[in-house]
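All remarks here apply to the structure that follows.
To find a chain, count down the sequence lines: A is the first, B the second, and so on, and within it residues start at 1. Please read these numbers as outputs of a predicted model, since none were measured by experiment.
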Amino acid sequence: MSTSPDSIIGRATPRIDGPLKTTGAAEYAADFHFEGMAHAVTVGATIASGRITKLDTATAESMPGVLLVLHHGNIGPLYRTVPGDDSATNSEVRSPFEDEVVRHWGQHVAVVVAETLEQATAAAAAVKVEYALEAANVRLKLDDFKGERKTISDRGDVDQAFDDAPVKVDQTYVTPVETHNPIEMHASVVRWDGDRVTLYETSQGVMNHRAVMAQVLGLPLENVRVVTRFLGSGFGGKLFPWPHAAMAAVAARKLNRPVKLSMTRRMMFSNVGYRPRTEQHIQLGATKEGKLLALRHEYLNNTSMLDDFDEGCGEATPYLYSVANLEVTGAQPRRNMGAPMWMRGPGAVPGLYALESGMNELADALDMDPLQLRLKNDAEKDESHDNIPFSSRHLRECLETGAKKFGWERRNAAIGSMRKDGKILGWGMAAASWVAVRLPCTATVEFCANGRLCVRCGTQDIGTGTYTIFAQVLHEKTGVPLDRIDVILGDSSLPSGPMSGGSMVTGSVLNAIADGANNAIKRLQQLAAATEGTPLHGAKLETVAFTEGRLHLKDQEASSGAHFADILGAAKLSRISAEGKTVPTWEDPKSKGFSLHSYGAQFVEVEWEPEIAKLRVSRVVTVIDAGKIINPAAAANQVAGAVVMGVGMGMLEETRYEQRTGQPINGNLADYLVATCADTPDIDVTFLDYPDPIMGEYGARGVGEIGLAGVAAAITAAVHHATGVRVRELPVRIEHLLESKIVSV
Amino acid sequence: MQTFQYTKAASIDKALGAASGAKFIAGGTTLVDLMKLSVEKPSGLVDINLLPLDKVETLPNGGLRIGAMVRNSDLAWNAEVQKNYAVLSQALLSGASPQLRNMATTGGNLLQRTRCVYFREPSAGTPGGYGCNKRTPGSGCAAMEGFNRMHAVLGTSDKCIATHPSDMCVAMAALEATIQTEGPKGKRTIAFADFHKVPGDTPHLENALEPGELVTYVDLPKPVEGAKSVYLKLRDRASYEFALASCAVVAKVEGGRIRYARVAMGGVGTKPWRSHEAEAALMGKAANAETFRHAAEAALKDAKPHGENAFKVELAKRCVVRTLKMATA
């Protein structure tokens with residue numbers, strides 16, 4: 001498990017797929033073109049609730065190049081996925097065009113297929129739909145919810161403890177709907193060969209995608225293949241299939257031609273998920289010395305009319321701090337909006353925004369340094385699970401290291417008191433956490449007679465560096481140079497690999513790759529010993545060593561042996577391969593009884609010019625405890641990117657629903673603001689780099705989400721420190737800042 | 001997007017002879033966008049990119065003549081503009097993105113259309129779509145009771161509250177530019193203040209151009225000796241966003257007193273908003289915070305907020321104060 005200092009594991013390694021991307025050679029889903037391919041464009045509902053009473057396709061069908069118009073009247077049989085089948089998770093319960101009912105604005109009501117994209121676009125605009133309008137509920141506020149709340153976690157007597165607490169915080173924090181905006185839009189390119197179908201997809205999980213499509217299309221699993229060689233990111237929006245994939249598949253089958261269906265940016269705001277709105281009530285009670293006595297976290301998140309989507313805002317709350325009395329509850333009011341979907345750091349990110357904002361307010365109420373408040377309440381054990389130990393928790397070190405790097409001891413707590421270059425500085429901080437799980441994984445490692453090494457796995461690289469991690473582990477195990485290692489991912493016909501979600505890929509694939517490499521080396525050693533004409537023929541297996549791609553006797557120099565390519569040549573074999581497996585944490589006796597999480601600390605500086613109500617995030621120090629870091633370059637890129645997303649969450653992002661129609665009215669990248677390069681603060685990312693002994697080979701936990709956790713709470717704390725304005729509903733806007741009583745420096 | 005005829009005009013005469021219903025296309029950064037959204041449906045496009053209007057020249061009177069086809073980037077980085085009309089360079093560079101500025105032209109930017117989200121909805125102004133009096137007179141204005149955070153507080157009417165989005169035009173308003181045109185009826189000169197129209201009862205009529213009339217040049221007067229000019233743009237994010245409030249100031253201070261002042265505002269008006277009220281409040285007064293605040297109050301005296309954009313009144317005032325401070329420092 002431990003690696004030497006000169007190991008490639010833990011060394012910043014350039015992406016092996018970088019040249020493919022910078023030269024444009026990498027093929028993304030919508031880049032696939034096939035002979036005779038037709039183009040599909042969808043028609044979205046213009047109401048949020050009602051029924052289709054008339055769908056007139058005559059004009060559209062008579063337009064140039066139009067081949068087919070599909071809708072609820074002619075889609076033919078499509079199926080829902082089996083409830084509770086974790087191997088086939090779908091985004092929406094309802095299959096596309098299942099009925100004539102419209103439940104949200106933009107819901108697909110038809111799809112037009114034509115020879116060209118332009119023809120399909122023109123014809124889609126000519127499909128006339130009439131509706132019987134019904135009252136829609138697109139009310140943003142969820143506070144009218146009267147239903148049952150599910151208990152997520154509880155211990156002690158939180159009512160009594162809160163009542164008795166000498167110092168209290170009792171506030172509600174709101175996060176708005178945020179829309180995933182990966183630069184690559186969702187797309188499906190579908191090609192049938194008889195009763196077998198291949199889907200070139202924008203998928204964060206090709207294995208799951210295949211299982212869903214097989215069920216939805218009513219096909220045997222083996223008849224479906226899903227390919228995602230490269231992904232222009234997903235942020236969770238591409239975890240599971242969306243209805244357009246099945247629509248494209250049906251169109252391609254009916255036409256017996258390949259079909260491409262690509263979402264527009266506008267559709268991305270209504271048809272492929274979003275982080276739902278959350279309203280979170282936080283109650284904190286503490287002693288005058290700052291010891292937590294009570295913690296209540298009640299959250300609401302909206303879901304759609306048919307889907308039961310629980311954002312899970314209480315994910316990190318039960319274990320982050322030591323507190324004897326705690327209760328977390330959640331509920332999901334329905335709205336006439338599309339199905340929500342996991343977005344980077346689901347649950348924990350909005351949840352920690354609320355919890356950490358509450359902690360910052362408690363620190364102010366106590367007149368205590370917010371850093372000290374966290375240190376004082378650090379948990380030694382997971383109090384939400386029978387006090388089981390944490391596998392590897394260094395939250396305290398994250399906080400202390402971050403404070404030192406940031407210069408936190410120079411903080412003057414008085415509002416508006418810190419200055420720099422004619423501006424007021426605001427400093428804020430927050431803790432972060434994210435769950436760790438090791439998913440099952442199979443990888444096949446293959447030594448080839450041409451001297452190359454190949455690894456295959458049905459996971460995918462969503463732009464984060466997964467290809468490179470595979471190559472790093474194989475290089476570490478075999479010494480074969482990176483440019484002679486082929487990593488084949490992103491195809492459901494490969495051995496089953498994990499979904500790229502929840503920061504779980506790295507921790508899940510490492511064991512399988514290492515195991516596969518070990519097994520393949522063993523087979524190579526057996527082959528060498530059994531093959532005439534090699535220097536190792538007849539050697540006892542335990543005397544054969546493998547060094548830098550060469551097999552040799554353990555007591556001799558590597559140069560005395562033979563390269564694996566020569567051994568394969570002597571044996572007249574093109575290749576020899578072996579499989580490696582990862583046992584998931586839930587089946588591993590070693591991980592039983594441990595609480596697995598990553599931790600982090602966020603320190604944020606904002607610069608505030610009160611005269612013009614201008615506030616920008618200027619500096620962020622992030623310290624992350626995510627186990628062993630396999631590729632620090634890719635990992636730092638993930639965390640820094642997440643911090644930028646945190647600036648967006650804190651300061652900019654909000655999907656606005658037009659109340660008269662239910663339309664996401666700012667559904668484009670000019671009106672939905674994401675952080676630009678110019679909004680990017682100075683970001684300092686530090687990894688503690690402690691291997692997690694429970695995670696297995698190398699001890700990595702993954703870094704995709706943790707960098708976003710806590711950023712928004714640290715920003716709002718910094719905003720308060722600079723301006724005196726407490727923003728409890730994101731994003732922080734100029735409107736809020738204009739309320740500051742500080743009007744000049 | 002509907003089908004259209006495309007022709008390339010080799011000369012101004014040829015361009016002016018184009019069929020009615022056609023539109024001139026220069027950089028296309030607004031027009032193509034709006035055609036894709038079905039907001040603009042010209043039957044034809046007359047490409048004017050070959051016209052010899054791509055130069056910046058000094059006029060005999062000491063002013064500057066800017067060809068309508070001069071790209072925003074070229075104009076912003078023009079040495080003469082940077083030296084004598086800094087406010088214009090700053091305004092141009094605060095707008096859009098480098099890619100857009102490389103395409104967008106001076107003439108095109110004068111005609112940039114509003115970013116009102118309802119105006120830009122494909123179905124706005126049609127039965128069942130959002131009301132938009134700019135798209136279809138009489139169909140109403142969805143922004144009045146809707147998403148109007150970005151909308152105007154000055155020059156509005158009960159028919160339309162759409163903001164004029166250009167940064168360049170705000171600087172030109174403060175510089176008292178004039179617009180040269182050529183049309184079927186010949187050449188004419190239009191004062192900048194007369195070029196853009198407030199919506200009134202006819203928000204679909206946005207400027208003084210007649211059908212088939214082509215903007216050929218924008219002339220800037222001789223720079224005011226001893227004056228300093230500044231553009232300041234306030235917005236939610238640091239780049240690639242339209243102004244919530246912006247201000248262009250050309251000012252001259254002598255002996256601590258303001259001897260020359262031109263003030264225009266962006267992001268708050270239905271047209272590039274020249275404030276004579278602010279200028280009057282500044283002339284002859286001491287260049288200090290109190291004077292600036294009075295000028296800002298005067299500039300926003302008639303502001304009429306709608307729902308979400310109330311904050312713009314105070315923000316615009318602060319923007320004016322800060323810009324005056326910078327221009328008189």
Task: Residue pair Tyr118(B) / Ile665(A), side-chain heavy-atom distance below 4.5 Å - done: yes

Open item on the list: I'd like to know which of Cys319(B), Ser239(B), Ala310(B) tops the heavy-atom pair count under 4.5 Å against chain A.
Closed with: Ser239(B)

Open item on the list: Ring of Phe147(B), cation from Arg660(A) - is the NZ or CZ under 6.0 Å from the centre and inside 45° of the axis?
Closed with: no

Task: Gap separating the CZ atom of Arg149(B) from the CZ atom of Arg733(A), nearest 0.5 angstrom - done: 4.0 Å

Task: Glu611(A) and its salt bridge (charged side-chain N to carboxylate O under 4.0 Å, His left out) partner, picked from Arg318(B), Lys317(B), Arg293(B), Arg322(B) - done: Arg322(B)

TODO: Output the distance between atom CD (Glu314(B)) and atom CD (Glu735(A)), rounded to the nearest 0.5 Å.
DONE: 12.5 Å

Task: Interchain contact, Val674(A) with chain B, by part (heavy-atom threshold 4.5 Å) - done: both

Open item on the list: Given heavy-atom pairs under 4.5 angstrom as the criterion, report whether the side chain, backbone, both or neither of Glu609(A) touches chain B.
Closed with: side chain

Open item on the list: What part of Ile47(A) gets within 4.5 angstrom of chain B, counting heavy atoms only: side chain, backbone, both, or neither?
Closed with: neither

Task: Heavy-atom closest pair, residues Arg235(B) and Ile734(A) - done: O-CD1, 3.9 Å

Task: Under 4.5 Å from any heavy atom of chain B - which part of Asp671(A) - done: side chain

Task: Lys325(B), NZ: over 12 other non-hydrogen atoms inside 6.0 angstrom - done: no

Open item on the list: Please identify, among Thr661(A), Asn666(A), Thr46(A), Leu615(A), the residue contributing the most non-hydrogen atom pairs under 4.5 Å to chain B.
Closed with: Thr661(A)

TODO: Would you please go through residues 121-141 of chain A and name the residues with a non-hydrogen atom below 4.5 Å from one of chain B, in numerical order?
DONE: none

- [ ] Classify the side-chain pair Gln659(A)/Glu145(B) by whether it contains a donor and acceptor separated by less than 3.5 Å.
- [x] no

Open item on the list: With a sphere of 6.0 Å drawn around CD of Gln5(B), does it hold more than 12 non-hydrogen atoms of other residues, nucleotides or ligands?
Closed with: no

Task: Region of Ala245(B) that comes under 4.5 Å of a non-hydrogen atom in chain A - done: neither

TODO: Would you check if the side chain of Asp679(A) reaches a backbone N or O of Arg237(B) as a donor-acceptor pair within less than 3.5 Å?
DONE: no

Open item on the list: Could you report the tightest heavy-atom contact between Arg115(B) and Ala670(A), atom names first, then the distance?
Closed with: NH2-CB, 3.2 Å

Task: Straight-line distance of Asp236(B) CG to Glu654(A) CD, nearest 0.5 Å - done: 10.5 Å

TODO: Would you check if there is a donor-acceptor pair between the side chains of Tyr130(B) and Glu658(A) at a distance under 3.5 Å?
DONE: no

- [ ] Heavy-atom distances under 4.5 Å only: say whether Leu673(A) touches chain B with side chain, backbone, both or neither.
- [x] both

TODO: Determine, for Glu121(B) against Arg266(A), whether the closest basic-nitrogen to carboxylate-oxygen distance falls under 4.0 angstrom.
DONE: yes

Task: Leu232(B) and Ile612(A), any side-chain heavy atoms less than 4.5 Å apart - done: yes

- [ ] Write down the atom of Leu315(B), the atom of Ala613(A), and the distance for their closest heavy-atom approach.
- [x] CD1-CB, 4.1 Å

Task: Residues in residues 737-745 of chain A that sit under 4.5 Å from chain B, counting heavy atoms only - done: Leu738(A), Val743(A)

Task: Best-contacting candidate, Ala142(B), Gly146(B), Ser38(B), against chain A by heavy atom pairs under 4.5 angstrom - done: Ala142(B)

